[in-house]
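Below: the structure, in structure tokens.
Every chain is numbered from 1, with letters handed out A, B, ... down the list of sequences. Values below: every heavy atom of this structure, side chains too, minus hydrogens, waters and symmetry copies.
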Amino acid sequence: MPLSNTQAPAGDQVRARLAKLEGLRRSGEEPYPHVSPPAAPARALVEGFGDLEGSEQAVRGRVVAFRGHGRTTFLHLEDGSGRIQVYLRQADLGAERYAVLQYLDLGDFLWAGGTLFRTRSGEITVQAREFRVLAKALRPLPLAKEEVVGGARVVHGGLGDREVRYRRRYVDLAVHAEVREVFRTRARVLAYLRRFLDGRDFLEVETPVLQPLYGGAAARPFTTHHHALDTTLYLRIADELYLKRLLVGGLERVYEIAKDFRNEGIDRTHNPEFTMLEFYQAYADYQDMMSLVEEMVVGVVREITGGTELTWRGETVDVSPPWRRVSMLEALATAGVHVAEIERTPLEACARELGLDVPTGAGAGKILDEIFKDRVEPALRGPVFVTDHPRELSPLAKAHRTDQRLTERFEAFLFGIEFANAFSELNDPLDQRRRFEAQRELGARGDAEAHALDEDYLRALEYGMPPTGGVGMGVDRLVMLLTGSPSIRDVILFPQMRPEEGRLPDEDDATGEGEGRDRQTRREGDPAGSEGGAC
RNA sequence: GAGCCCGUAACUCAGCUGGUAGAGUAGCGGACUUUUAAUCCGCGAGUCGAAGGUUCGAAUCCUUCCGGGCUCACCA
């Protein structure tokens with residue numbers, strides 16, 4: 001038994017629980033049975049109490065509160081539906097079974113069966129005739145206690161350290177029902193988006209995560225290597241170019257909910273891997289896509305909140321269509337910046353005047369974007385579509401039908417956060433080649449995020465792609481807004497963190513140095529072993 | 001990458017201008033047959049993020065490092 005090794009560093013609480021584990025076994029209670037007797041959801045019993053009072057019922061879940069009173073014990077079980085109280089009496093269970101309760105802890109999983117009743121103080125409760133341990137917990141959970149003070153719910157305890165909450169999400173989830181709720185909402189958002197697109201004849205597809213050439217966005221990629229092909233592969237930064245190849249192939253409406261990977265900084269709105277919804281519709285342009293985005297967003301807001309208002313960080317907006325649509329140049333003019341020419345020299349002068357740094361190697365479009373971000377973006381409370389970006393910034397967007405300096409593009413903002421980006425997709429292969437070449441020049445001048453030239457994509461366009469509207473939507477950001485989460489980390493179950501230095505000392509001890517090393521050796525030796533092995 | 005802040009028991013935190021640690025919850029022991037932050041009595045629990053330095057003496061002061069948060073920058 002490696003138990004002794006685990007004990008010392010983990011402290012007295014783990015030690016006590018290990019002792020109780022043995023106590024359970026000694027009393028003939030299997031601490032980790034394979035199955036559970038059937039049980040009802042806690043909420044079903046509470047809500048259906050009117051009809052169920054006095055009936056035999058069973059519940060199961062995690063022990064989240066425990067109050068012993070000598071020959072009586074009250075505890076609360078929490079399952080996926082909610083909480084319910086269980087009342088256990090020595091008189092009902094018999095002295096021998098009742099004594100087993102001393103080996104229970106907060107955090108254990110338990111099944112209990114008995115009569116449903118209401119206590120003197122009014123709480124719906126199962127008066128247990130029998131119980132079963134379903135799984136023993138060896139580490140203490142920082143379970144919160146709640147009290148009601150003057151009608152307000154006051155929570156004591158819980159897990160506050162954000163680092164621990166993100167790193168040990170299982171604890172965060174186990175202890176905070178509201179965190180579980182965020183991820184249920186996330187799932188509902190995803191389901192709604194699928195339903196919305198499926199209902200409009202979009203086909204859900206899957207395209208490569210590992211790509212020989214990355215593209216579809218301006219970003220630095222993660223690089224990896226395929227051994228058998230002996231070739232460099234990149235984790236996708238976007239699936240755009242693949243989806244548009246499908247348009248060439250005659251799939252007129254496609255979408256993908258894709259994990260994208262960008263080798264960039266991490267902050268409140270950026271995680272290195274994130275979920276992007278991209279959808280493309282043949283015979284549509286960016287105006288059509290604006291309408292579709294409006295419809296989609298108001299639909300998902302209705303789905304989640306029941307209304308059309310969204311509140312985030314103390315601000316409330318109404319997402320009912322139509323949203324404001326403002327071109328980049330108009331917005332700048334409104335902000336007092338009049339841009340006569342999209343030329344490098346006057347723009348640079350303008351940026352300098354505003355006290356902005358002009359990155360070396362920045363083209364006219366980039367400078368315009370800088371000015372925009374500084375003067376306009378912070379004031380965009382939304383919902384709003386910012387449209388018609390300069391060509392240079394949008395190498396995959398079709399030139400604007402009335403102004404060749406611009407493209408037919410929009411970015412959608414809510415609360416100043418950009419959550420969608422869309423174009424009338426560029427389907428002129430010759431223009432696309434020129435744009436790629438311009439990007440290559442930017443790259444040569446040191447822009448690490450310049451788009452790569454993708455010959456196969458150009459070849460695809462040369463076969464002919466219908467006029468198409470396309471949208472990329474940041475799902476995580478959308479979920480942030482829908483759940484009132486201030487950080488993207490609150491809507492990603494396991495956000496990227498710096499690796500923990502080594503393993504926890506007590507876990508090292510539990511596994512044993514030698515065993516850990518063994519395991520690694522075995523894994524590394526495996527391929528060689530199978531080559532020359534018994535088979 | 002820059003600035004500010006944080007890291008003390010399982011959890012939430014206190015520890016002033018240096019004298020090697022405290023509270024509540026959780027845990028352990030005891031009392032208690034309708035409690036609900038149950039209550040009452042008692043007890044234990046900590047490489048004070050890490051390493052150096054100053055000092056007779058460091059959780060406390062200094063330096064560096066590690067990890068995190070916020071703001072900014074970067075990032076459509």
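B/A9 and B/A59 are spaced 14 Å apart, taking the P atom of each and rounding to whole Å. The gap from the C1' atom of B/G53 to that of B/G57 amounts to 14 Å, rounded to the nearest Å. B/U64 and B/G19 are spaced 25 Å apart, taking the P atom of each and rounding to whole Å. Separating the P atom of B/U55 from that of B/C62 is a span of 16 Å, rounded to the nearest Å. Remark: the separation of the C1' atoms in B/C74 and B/A51 is 32 Å, to the nearest Å. A distance of about 33 Å separates the P atoms of B/G18 and B/U25, rounded to the whole Å. Nucleotides B/U71 and B/C65 have their C1' atoms positioned 23 Å apart, rounded to a whole Å. The gap from the P atom of B/A21 to that of B/A37 amounts to 36 Å, rounded to the nearest Å.
Among residues two or more places apart in sequence or in another chain, the ring pair (Phe, Tyr, Trp, His ring centres under 6.0 Å) test is passed with A/Phe415 by A/Trp312. A/Tyr234 meets the ring pair (Phe, Tyr, Trp, His ring centres under 6.0 Å) test with A/Tyr214; sequence neighbours excluded. Every residue meeting the side chain to side chain donor-acceptor pair (under 3.5 Å) condition with A/Glu256, not counting sequence neighbours, appears here in chain and number order: A/Thr207, A/Arg236. The salt bridge (charged side-chain N to carboxylate O under 4.0 Å, His left out) test applied to A/Arg313 returns no partner, not counting sequence neighbours. Partners of A/Lys145 according to the side chain to side chain donor-acceptor pair (under 3.5 Å) rule, which considers only residues two or more places apart in sequence or in another chain, do not exist here. By the salt bridge (charged side-chain N to carboxylate O under 4.0 Å, His left out) test, A/Asp108 is found to be paired with A/Lys136, residues two or more places apart in sequence or in another chain being considered. Scanning for side chain to side chain donor-acceptor pair (under 3.5 Å) contacts around A/Asp403 gives A/Arg405, with sequence neighbours left out. Applying the ring pair (Phe, Tyr, Trp, His ring centres under 6.0 Å) rule to A/His69 yields the partners A/Phe74; only residues at least two apart in sequence or on another chain are considered. In this structure A/Glu240 satisfies the salt bridge (charged side-chain N to carboxylate O under 4.0 Å, His left out) test together with A/Lys244, sequence neighbours excluded.
Base contact: A/Leu393 has a heavy atom under 4.0 Å from a base atom. Using a 4.0 Å heavy-atom distance criterion, A/Arg477 is classed as making no nucleic acid contact. Looking at heavy-atom distances under 4.0 Å, A/Arg167 makes contact with sugar-phosphate atoms alone, never a base.
Atom NE2 in A/His389 sits 7.0 Å away from atom CG in A/Asp369 (nearest 0.5 Å).
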Derivation of the side chain to side chain donor-acceptor pair (under 3.5 Å) call for A/Thr72 and A/Gln90 = CA-CA 6 Å; A/Thr72 295; A/Gln90 192 181 66; over 6 Å; no

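Here B/U71 sits opposite B/A2 as a Watson-Crick or G-U wobble pair (both hydrogen-bonding atom distances under 3.5 Å). Under the Watson-Crick or G-U wobble criterion, with both distances below 3.5 Å, B/C11 is paired with B/G24. When Watson-Crick and G-U wobble pairs are counted only if both distances are under 3.5 Å, B/A31 pairs with B/U39. Across all strands shown, B/G46 has no partner, as no Watson-Crick or G-U wobble contact with both distances under 3.5 Å is found. When both pairing distances are held under 3.5 Å, B/G57 makes no Watson-Crick or G-U pair with any nucleotide shown. When both pairing distances are held under 3.5 Å, B/G52 makes a Watson-Crick or G-U pair with B/C62.
For the pair A/Leu75 CG and B/A38 P, the computed distance is 12 Å after rounding to whole Å. Between the CG atom of A/Asp161 and the P atom of B/C5 there is a distance of 19 Å, rounded to whole Å. Atom CE in A/Met276 sits about 10 Å away from atom P in B/A76, given to the nearest Å. A straight line from CZ of A/Arg220 to P of B/G1 spans 12 Å, rounded to a whole angstrom. To the nearest angstrom, P of B/A38 lies 9 Å from CD of A/Glu147. Between the CZ atom of A/Arg139 and the P atom of B/A9 there is a distance of 15 Å, given to the nearest Å. Rounding to whole angstrom units, CZ of residue A/Arg165 and P of B/C6 are separated by 21 Å. Between the CZ atom of A/Arg498 and the P atom of B/G67 there is a distance of 5 Å, rounded to whole Å.
Applying a 4.0 Å cut-off to non-hydrogen atoms, the residues of residues 410-426 of chain A that approach RNA chain B are A/Glu411, A/Glu418, A/Asn421, listed by residue number.
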Protein proximity profile, nucleotides 26-35 of chain B - base contact B, sugar-phosphate-only contact S, no contact -, cut-off 4.0 Å on heavy atoms = BSS---BBBB

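For A/Met497, counting side-chain heavy atoms from C-beta on, the closest listed nucleotide (B/U71, B/U12, B/G68) is B/G68.
The local environment of CD in A/Glu96 is sparse, with at most 12 non-hydrogen atoms from other residues, nucleotides or ligands closer than 6.0 Å.
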Short heteroatom pairs, N/O only, protein and nucleotides 72-74 of chain B, under 3.5 Å:
residue: B/C74; atom: N4; partner: A/Asp267; partner atom: OD2; Å: 3.0

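Each of A/Val475, A/Leu481, A/Asp476 was scored for a side-chain contact (heavy atoms from CB on, under 4.5 Å) with A/Val479, with one residue passing: A/Val475.
Between A/Ala65 and A/Leu159, the residue anchored closer to the 5' end of RNA chain B is A/Leu159, taking for each the nucleotide with the nearest heavy atom.
Counting only distance, with no hydrogens or angles, the side chain of A/Ser81 and the backbone of A/Ala42 share a donor-acceptor pair below 3.5 Å.
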